[in-house]
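Everything quoted here is computed from the prediction, not taken from an experiment.
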Amino acid sequence: MTLSIKEVTKIIQSIGPNKTFNVTFVKKDGSERTFFGCTMDTPPQGSDPSSLPPAVPVKTVDGWRSFRTDSVLDIQEVVV
């Protein structure tokens, strides 16, 4: 089951900038994908879910990628 956009916004804001996290989401073709070691320079601010763009850009080891906010299954901060 996917998380709501409001839940995704809250989690991303709680992780904060330049901290590492993993995100699992459903691609448009229905397959599941996980980005490992994601970071964001500046997470969206505000409590309004519309403050989160429809596709969130994140930096990964493979370069800049993005995931749709309406397709997120899980987000976990990587604690070292």
Fill in the blank from the handout: Rounded to the nearest 0.5 angstrom, the NZ-OG1 distance for K59 and T39 is 6.5 Å

Fill in the blank from the handout: Between the CD atom in Q76 and the OG1 atom in T34, the distance rounded to the nearest 0.5 Å is 11.0 Å

Practice task
Establish, from distance only, whether the side-chain atoms of S31 and D29 form a donor-acceptor pair under 3.5 Å.
Solution key: yes

Exercise for the section: Evaluate the criterion side-chain contact (heavy atoms from CB on, under 4.5 Å) for residue pair T2 and D70; output intermediate values, then yes/no. Expected result: CA-CA 7 Å; T2 59; D70 63 353; over 6 Å; no

Handout entry: Point-to-point distance, once rounded to the nearest 0.5 Å, from CD of E7 to CG of D74
Key = 11.0 Å

Fill in the blank from the handout: When every non-hydrogen atom of R68 is compared with those of S71, the smallest separation belongs to O-OG, 2.9 Å

Handout entry: D41 side chain near N18 side chain, heavy-atom distance below 4.5 Å
Key = yes

Exercise for the section: Work out which heavy atom in V72 is nearest to a heavy atom in V8; give both atom names and the distance. Expected result: CB-CG2, 3.7 Å

Problem - Any side-chain heavy-atom pair of L73 and V26 under 4.5 Å - result: yes

Practice task
Over all heavy atoms of both residues, which pair between F21 and I75 is shortest? Give the atoms and the distance, please.
Solution key: CD1-CG2, 3.8 Å

Exercise for the section: May I ask you to test the M40-I15 pair for a side-chain heavy-atom distance under 4.5 Å? Expected result: no

Handout entry: Shortest non-hydrogen separation from V23 to C38 and the atoms involved
Key = CG1-SG, 4.0 Å

Practice task
Would you give the length of the straight line joining atom CZ of F67 to atom OG1 of T24, rounded to the nearest 0.5 angstrom?
Solution key: 10.0 Å

Exercise for the section: For residues V58 and F35, report the shortest heavy-atom separation together with the two atoms involved. Expected result: CG2-CD1, 4.2 Å

Problem - Separation of T20 OG1 from E77 CD (nearest 0.5 Å) - result: 8.0 Å

